[in-house]
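What you are looking at is a predicted structure, and each value in this text was computed from that prediction instead of being measured.
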Amino acid sequence: MDKRTAIFAALAQGLDLPTVRERFDLTPEALQELFRDAADLYRAQEAGFWRLNCDGASRGNPGPAGAGIALHDPQGRLQVNTGRYLGETTNNVAEYQALLLGLEEARKQEVKKLRIFADSELMVKQLTGRYRVKSPHLIPLWREALNALSRFDTWAIAHVPREENHLADAAANRAIDQSASAR
């Protein structure tokens with residue numbers, strides 16, 4: 001059971017908020033973000049949003065890298081699960097490339113409403129404006145991502161733990177493995 005599931009299970013069992021905060025070492029802000037993410041998820045499901053999980057992988061930093069995505073329709077059916085080999089690059093570049101791959105695939109499916117989940121807290125916070133993009137090599141990717149996102153009627157992005165991003169992670173690693181075996 002992941003931490004977020006355990007927190008909601010504890011609340012469902014009747015533990016009060018102060019006890020849950022103490023047990024899981026949660027700041028008030030972290031608890032608020034958890035509830036905000038849960039509310040966003042329910043709104044997305046109710047409104048017919050597609051779900052995009054994206055993940056970048058780099059073996060070394062920089063090193064051989066891949067991008068992976070899993071795109072689910074509003075009913076939860078997996079429509080696209082693919083990856084792309086990126087060559088030698090950093091993990092942060094791979095994360096942005098994974099997002100761009102996912103947005104490209106979503107546009108091919110004519111998706112209008114998209115809910116994005118990524119395990120790169122840096123990328124998520126940069127795209128939501130909570131963090132500034134300081135690395136010069138990430139600024140063009142950030143701009144390209146915002147431009148691609150603007151083509152959707154509505155979108156939202158949230159950070160998820162790595163274990164909740166397994167399909168996208170596996171696709172990214174498959175892309176690296178397939179490239180290595182082709183050489």
Side-chain angles (χ1 to χ4, degrees), residues 1-56 67-81 92 95-96 98-107 109-133 141-143 145-172:
M1 178 180 321
D2 78 339
K3 184 177 178 180
R4 294 185 320 166
T5 304
I7 292 167
F8 282 115
L11 290 167
Q13 292 169 359
L15 288 181
D16 61 14
L17 282 176
T19 303
V20 170
R21 281 192 46 224
E22 182 178 323
R23 179 178 290 177
F24 293 97
D25 193 29
L26 294 170
T27 64
E29 295 80 15
L31 188 61
Q32 183 179 23
E33 187 169 344
L34 178 70
F35 283 120
R36 187 173 38 249
D37 288 347
D40 288 347
L41 178 62
Y42 283 113
R43 276 194 294 275
Q45 289 175 342
E46 291 172 5
F49 278 68
W50 285 62
R51 177 185 177 104
L52 171 64
N53 286 75
C54 56
D55 193 22
I69 63 117
L71 181 64
H72 292 84
D73 68 19
Q75 290 72 42
R77 296 179 300 241
L78 181 63
Q79 296 298 318
V80 182
N81 185 214
N92 289 333
E95 295 286 357
Y96 270 100
L99 173 62
L100 292 168
L101 172 62
L103 298 176
E104 176 185 316
E105 291 296 330
R107 295 300 295 166
Q109 298 287 325
E110 300 182 1
V111 172
K112 302 288 184 207
K113 298 177 177 181
L114 188 61
R115 184 82 168 113
I116 305 156
F117 298 90
D119 59 25
S120 169
E121 187 173 2
L122 175 74
M123 182 182 72
V124 169
K125 288 189 174 183
Q126 287 175 337
L127 289 167
T128 57
R130 289 187 216 156
Y131 286 178
R132 285 185 324 126
V133 183
L141 292 167
W142 172 75
R143 285 186 181 134
L146 287 175
N147 185 44
L149 287 164
S150 73
R151 295 185 193 118
F152 293 89
D153 290 349
T154 188
W155 62 273
I157 187 167
H159 175 259
V160 293
R162 182 183 178 110
E163 58 270 12
E164 291 181 29
N165 217 19
H166 62 277
L167 287 176
D169 177 65

Student: Which pair of non-hydrogen atoms, one from G68 and one from A171, has the smallest distance, and what is that distance?
Tutor: CA-CB, 3.8 Å
Student: For D119 and E95, run side chain to side chain contact (heavy atoms under 4.5 Å, CB included): C-alpha distance rounded to whole Å, both residues' side-chain angles, the deciding distance at 0.1 Å, then the answer.
Tutor: CA-CA 9 Å; D119 59 25; E95 295 286 357; 3.5 Å; yes
Student: Stepwise, does the side chain to side chain contact (heavy atoms under 4.5 Å, CB included) test hold for L52 with W155?
Tutor: CA-CA 10 Å; L52 171 64; W155 62 273; over 6 Å; no
Student: Check side-chain hydrogen bond (donor to acceptor under 3.5 Å, both in side chains) between E121 and all other residues, then give those that pass, not counting sequence neighbours.
Tutor: K125
Student: Is it the case that more than 12 heavy atoms not belonging to D25 sit under 6.0 Å from its CG atom?
Tutor: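 Counting neighbours around CG of D25, 12 or fewer heavy atoms of other residues, nucleotides or ligands fall under 6.0 Å, so no.
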Student: Applying side chain to side chain contact (heavy atoms under 4.5 Å, CB included), can you list everything that pairs with E163, at least two apart in sequence or on another chain?
Tutor: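 Checked E163 against side chain to side chain contact (heavy atoms under 4.5 Å, CB included); matches are D2, P161.
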Student: So does Q75 have more than 12 non-hydrogen atoms from other groups sitting under 6.0 Å from CD?
Tutor: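 Counting neighbours around CD of Q75, more than 12 heavy atoms of other residues, nucleotides or ligands fall under 6.0 Å, so yes.
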Student: Heavy-atom count around R162 CZ within 6.0 Å, excluding the residue itself: above 12?
Tutor: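 No, not enclosed.
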Student: My understanding is that only residues two or more places apart in sequence, or in another chain, count here; which of them pass side chain to side chain contact (heavy atoms under 4.5 Å, CB included) with A168?
Tutor: N53, D55, N165
Student: Under the criterion side chain to side chain contact (heavy atoms under 4.5 Å, CB included), I'd like the reasoning laid out for L167 against H72: C-alpha separation, chi angles, the key distance, then a yes or no.
Tutor: CA-CA 11 Å; L167 287 176; H72 292 84; 4.1 Å; yes
Student: Suppose the criterion is salt bridge (charged side-chain N to carboxylate O under 4.0 Å, His left out): which pairs have a residue in residues 4-19, not counting sequence neighbours?
Tutor: R4-E164
Student: Can you name the residues that form a ring-ring contact (aromatic ring centres under 6.0 Å, His included) with F24, not counting sequence neighbours?
Tutor: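 F24 satisfies ring-ring contact (aromatic ring centres under 6.0 Å, His included) with no residue once adjacent residues are dropped.
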Student: What residues form a ring-ring contact (aromatic ring centres under 6.0 Å, His included) with Y131, not counting sequence neighbours?
Tutor: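 So Y131 forms no ring-ring contact (aromatic ring centres under 6.0 Å, His included) with any residue.
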